[in-house]
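All remarks here apply to the structure that follows.
Below, read A as the first sequence line, B as the second, and so on, with proteins coming before strands; counting in each chain starts at 1.
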Amino acid sequence: MGENLIIVESPAKAKTIEKFLGKNYIVKSSFGHIRDLSKKNLGIDIDNGFEPFYEISADKKKIVADLCSAAKKAEIVWLASDEDREGEAIAWHLFDTLKLSPDKTKRIAFHEITKDAILNAIETPRDIDMNLVMAQQARRVLDRLVGFELSPILWKKVQPKLSAGRVQSVALRLIVDREREISIFKPQAYYRVEGIFAHDGSKSKIKAILNTKFSSAEETETFLKKCDGAHFYISAIDKKDTTRTPSAPFTTSALQQEAARKLGFSVNQTMTIAQKLYEAGLITYMRTDSTNLSSLAINTAKESISKMYGVEYSKVRHYHTKVKGAQEAHEAIRPTYINNTSIEGSSAEKKLYDLIWKRTISSQMADAKLEKTDITITSDNISEKFSVQAERIVFDGFLKVYIEGKDEDDENEKITLLPQLSKGQTMINKEIIATEKYTLRPSRYTEASLVKKLEELGIGRPSTYAPTISTISKRGYILKEDRAGIEREYLEISLKESKIVRTTRKEISGTEKGKLFPENIGLVVTDFLAKNFEDIIDYNFTAKVESDFDLIAAGDMVWNNAIGEFYVPFHKKVVKTMQENTHSNAERTIGTDPKSGKTIIARIGRFGPLVQKGTNDDPEKQFVSLKKGQLIENITIEDALQLFELPRTVGKYNDKEIIAAIGRFGPYIKYNSSFISLGKYLDPYTINEKEAISLIDEHAKKESEKYISEFPKHNIQVLNGRYGAYIKCGKDNFKIPKNTDPKSLDEAACLIIIENAKAKKK
DNA sequence: CAGTGAGCGAGCTTCCGCTTGACTT
């Protein structure tokens, strides 16, 4: 036994492959990279040609030891890591670390986990491609140099513990740039005109949109007057046959976008659920940039579609990835067994699986055939034209299963059914409604749309999209938030029965849900990097270095020469910036306090962004923290002054004062030396005595319900917490098993639960 | 846990990409 040892990256993959192969093969996994640059220091000998210093990662020591002993027993070791830059490096690190001998080591690669693909790979082994390994080394060293030289500058010039890097700093910049585009955006008002028409012999009405937009109410009215009493008729009917094509199967980025649009998942949620499905053997690998499907998958899809929907719904399609920098080491994300239309699991798992199944199936289905009709309604005295677009599905094709979601709503609705109409036919105008609209500002990124943008720019990899968003959130650079919109007025001008009527209406605009907003520190860091290291946060920086990595991989460039060319000018800037006697605190004078005449300044302080009343040399200057979401660069004097109104006395209850303020954990009221959080919907600036008292009563009621039972002998309490009842013993908390009534627990029962939990922990 | 906004200085922070668990509040 054990003549052959195959090493792959993922344990789930190892398990699958082992099933395909006979007893002569042992399949183990490396769990990704096994070595990395030293964690403690730079890990690069700059003066010695950027020689990297590699260490076995702490969490991989056991794995390496295990692989080492398995390799010793094996006759041949097959290095089957992924066929991309990182995978090639993993193969080489394994070769080097396990001290394998060249004559008993073979490098193989397969892009799909099927028996044929693996057997085929075993028949065509090759050597480790050292050029590709060096390209990976260049990538690794560059990222370390950028990250570990830029971050310390931020610690010194902005704030400790911050970070910068090739990927995260550009991701942040995208959000910052977008926010600034939005802040300078001035919405333009215009009038969109809709005509409602009827025709003889039918009660149904048709809505048609005018092809001209007016910029003022006067212009709009002039037009409406012209329409009054005009004779409208159909001047053109254009019919056109078109087709619609299904989307390619899922890559990681596409899956994250669709799961966000259709299921409301965060990118992290999507990846966690997908990982579960993958480990259960239900889907193929979930971190991929490839849209390719194995021929086995394509054939199974063809069969399934024919059986379920009919042969005419099937169309075999081969997809090729178009995205910049794609390495295509894996297949697209698809169900492992395509005829599995549904699975067992949590509701989130079922939903995600269903999405993946539908996307995969539809990608192998026929085009939808549509008949589009454009109808134009005019009047001889009027140069503007009304038009209606209708779309009729002649053959639904892939639409039977799946339609890709959209980020933005389509303004022009399309109707599907058209009554019988003919050219020249008279259309009776029932009403014309002109609505004031505003041009749309650019929209803020969602997690998923940020990933989409990063992918387009070739920045980051499928395995890093979710972690990158986590990093810039953890650093306090960005915030994912909902924001309420503001009410605004708009005018509606209508023409009905020869009367022109103006109505002012109200709408809520600018509501945001789950959008990414920059925080003050994110703005400061981006400005700092843009000023001193513009080339690094240039959107094309990655693309530029990637082309060098390609040259290295092709053997046309030496890796450390490429790094040297980058590093020398870069390091000069690092030294120069470090020496400059500046500190970025984003200080901005907002105005003066009308009461005291003192200057109001906003800046970043030791504990975050603040507003200051009085100049820096004023010994009696006062401070107050900014609220979440308030930005130094655009806070108004009114908002800044309002911050000084807290803490404020709201009123009295039982002769004791109620105070409202904002603390470290958000707005609260203080009463009788206890603190009560205001939550999302109450405002400390406006909360009144009555509201505060009802909050206090509610809080008191909850407190009284908190204690279920107490056993002071062992310092045990049974309490009601945020997530239900639990046992508290000293400072440790313990879960109460399901199906156990917390009220029924006596001291002995509690002790058993505690003992069991402690035993399990060990 | 519901503040803070001084200063000294030791010791620490940090990157991107591969992989999963191990913690659970």
Side-chain angles (χ1 to χ4, degrees), chain A residues 8-14 29-37 39-44 57 59-60 63 81-82 84-91 93 136 139-156 159-169 272 275-276 278-279 285 287 327 329 459-465 467-468 471 475 536 542 585 603-612 616 621-625 646-647 659-670 673-678 684 721-723 726 728 731-735 757 760-761:
Chain A
V8 296
E9 291 181 39
S10 149
K13 200 171 171 179
S29 98
S30 74
F31 290 77
H33 278 292
I34 52 156
R35 283 203 305 198
D36 191 15
L37 297 175
K39 264 203 144 42
K40 283 200 177 116
N41 43 39
L42 188 64
I44 299 165
S57 315
D59 54 335
K60 299 293 165 59
I63 292 155
S81 45
D82 298 342
D84 58 14
R85 201 162 62 204
E86 298 296 327
E88 204 67 17
I90 289 173
H93 280 289
Q136 190 275 345
R139 199 279 306 154
R140 182 66 192 93
V141 166
L142 177 92
D143 283 339
R144 174 55 73 88
L145 288 171
V146 170
F148 274 39
E149 294 217 355
L150 284 186
S151 300
I153 305 182
L154 295 179
W155 305 341
K156 193 177 169 203
Q159 205 176 86
K161 294 188 181 179
L162 298 178
S163 64
R166 173 177 59 84
V167 173
Q168 61 168 284
S169 296
T272 311
Q275 176 92 27
K276 281 239 174 73
Y278 168 66
E279 282 169 14
Y285 196 58
R287 291 186 276 261
Q327 312 214 357
I459 298 170
R461 304 277 311 130
S463 66
T464 62
Y465 295 138
T468 299
T471 300
R475 303 276 176 267
I536 305 279
T542 290
N585 64 2
R603 65 177 170 89
I604 291 186
R606 271 211 300 166
F607 308 107
L610 58 81
V611 203
Q612 178 181 321
N616 288 327
K621 57 183 185 282
Q622 288 175 285
F623 303 98
V624 57
S625 286
L646 294 181
I659 310 244
I662 297 178
R664 183 127 157 47
F665 307 100
Y668 65 92
I669 52 171
K670 191 175 169 189
S673 72
S674 66
F675 298 90
I676 306 168
S677 183
L678 285 188
R722 251 205 300 177
Y723 309 112
Y726 66 102
K728 186 181 174 81
K731 54 182 181 172
D732 294 323
N733 296 332
F734 301 91
K735 225 191 264 175
K760 210 176 163 190
K761 214 174 172 182

Problem set entry | Nucleotide of B:dC18, B:dA2, B:dT4 approaching A:S677 most closely (side-chain heavy atoms) | B:dA2

Problem set entry | Short side-chain N/O contact to B:dT20 OP1/OP2 from A:Q275, under 4.0 Å | yes

Exercise. Closer than 4.0 Å, any side-chain N/O of A:Y465 to the OP1 or OP2 of B:dG17?
Worked result: no

Exercise. Taking side chain as C-beta onward, heavy atoms only, is A:R85 less than 4.5 Å from A:Q327?
Worked result: yes

Exercise. So, A:F31 and B:dT20: ring centres less than 5.5 Å apart, planes less than 30° off, yes or no?
Worked result: no

Exercise. Rounded to the nearest Å, what distance is computed from the NZ atom of residue A:K276 to the P atom of nucleotide B:dT20?
Worked result: 14 Å

For this session: Using a heavy-atom cut-off of under 4.0 Å over every strand shown, decide if A:G43 touches base, sugar-phosphate, or nothing.
Result: nothing

Exercise. Within the distance-only criterion (no hydrogens, no angle test), does the side chain of A:K60 pair as donor or acceptor with the backbone N or O of A:R35 below 3.5 angstrom?
Worked result: no

Problem set entry | Of A:S463 and A:S163, the one whose closest DNA chain B nucleotide lies more 5' | A:S163

Exercise. In whole Å, what is the span from the CD1 atom of A:I90 to the P atom of B:dC16?
Worked result: 18 Å

For this session: Let me know the distance between CG of A:D59 and P of B:dC23, rounded to the nearest Å.
Result: 14 Å

Exercise. Hey, does A:G165 reach any base, or is it just sugar-phosphate, or nothing, if we go heavy atoms under 4.0 Å?
Worked result: sugar-phosphate

Problem set entry | Nucleotide nearest A:P11 when distance is taken to its side chain, options B:dT19, B:dC15, B:dG5 | B:dT19

Exercise. Has the side chain of A:R140 got a donor or acceptor that lies under 3.5 Å from a partner of the other kind on the base of B:dC15?
Worked result: yes

For this session: Please work out if A:R461 contacts a base, only the sugar-phosphate, or nothing of the nucleic acid, heavy-atom cut-off 4.0 Å.
Result: sugar-phosphate

For this session: Measure from the side chain of A:F148, starting at C-beta and using heavy atoms only, and say which of B:dG5, B:dT14, B:dC16 lies closest.
Result: B:dT14

Problem set entry | Out of B:dT14, B:dC18, B:dA2, whichever nucleotide has its closest atom nearest the side chain of A:R475 | B:dT14

Exercise. Would you call A:R140 and A:H33 a side-chain contact if the rule is heavy atoms closer than 4.5 Å?
Worked result: no

Exercise. Going through the distances and angles, do A:D82 and A:K13 end up as a salt bridge (Lys or Arg N to Asp or Glu O under 4.0 Å)?
Worked result: CA-CA 11 Å; A:D82 298 342; A:K13 200 171 171 179; 3.0 Å; yes

Exercise. The side chain of A:Y278 lies closest to which of these nucleotides: B:dT20, B:dT13, B:dA2?
Worked result: B:dT20

Exercise. Separation of A:K40 atom NZ from B:dG11 atom P, in whole Å?
Worked result: 15 Å

Exercise. Between A:K39 (NZ) and B:dT14 (P), how many Å, whole number?
Worked result: 11 Å

For this session: Give the rounded distance in Å between these two atoms: CG of A:L37 and C1' of B:dT14.
Result: 13 Å

For this session: Could you tell me whether the side chains of A:T542 and A:R166 share a donor-acceptor contact shorter than 3.5 Å?
Result: yes

Exercise. Which one, B:dC16, B:dT20, B:dT13, comes nearest to the side chain of A:V167?
Worked result: B:dC16

Exercise. Closer to the 5' end of DNA chain B via nearest nucleotide, is it A:D84 or A:K621?
Worked result: A:K621

Exercise. Under 3.5 Å, side chain of A:S151 to main-chain N/O of A:S163, donor-acceptor pair present?
Worked result: no

Exercise. Given B:dT13, is OP1 or OP2 found less than 4.0 Å from the side-chain N or O atoms of A:S151?
Worked result: no

Exercise. Is A:G460 touching bases, backbone alone, or none of the nucleic acid, heavy atoms closer than 4.0 Å?
Worked result: sugar-phosphate

Problem set entry | Nearest-nucleotide pick for A:S10, side chain only, options being B:dT14, B:dT19, B:dG5 | B:dT19

Problem set entry | Side chain of A:R139 (C-beta onward), nearest among B:dT19, B:dC15, B:dC16 | B:dC16

For this session: Verify the contact: side-chain N or O of A:Q136 to OP1 or OP2 of B:dG17, cut-off strictly under 4.0 Å; return yes or no.
Result: no

Seminar exercise, completed: The nucleotide from B:dT13, B:dT19, B:dT14 with an atom nearest the side chain of A:Y285 is B:dT19

Exercise. Are the ring of A:F675 and the base ring of B:dC1 both nearer than 5.5 Å at their centres and tilted by less than 30°?
Worked result: no

Problem set entry | d(CD1, A:I34; P, B:dT20) in whole Å | 16 Å

For this session: Scan A:T471 against the nucleic acid and name what it touches under 4.0 Å (heavy atoms): base, sugar-phosphate only, or nothing.
Result: sugar-phosphate

Exercise. Looking only at atom types and distance, does a side-chain atom of A:S30 sit under 3.5 Å from a main-chain N or O of A:G32, one as donor and one as acceptor?
Worked result: yes

For this session: In whole angstrom, give the distance that lies between atom CG of A:L142 and atom C1' of B:dG17.
Result: 14 Å

Exercise. Is any side-chain N of the basic residue among A:R461 and A:E86 closer than 4.0 Å to the acidic one's carboxylate O?
Worked result: no

Exercise. Considering only heavy atoms and no angle criterion, is a donor-acceptor pair shorter than 3.5 Å present between the side chain of A:R287 and the base of B:dC18?
Worked result: no

Problem set entry | Nucleotide of B:dT14, B:dC18, B:dG5 approaching A:Q168 most closely (side-chain heavy atoms) | B:dT14

For this session: Under 4.0 Å between any heavy atoms, over every strand shown, what does A:A164 touch: base, sugar-phosphate, or nothing? Just pick one.
Result: sugar-phosphate

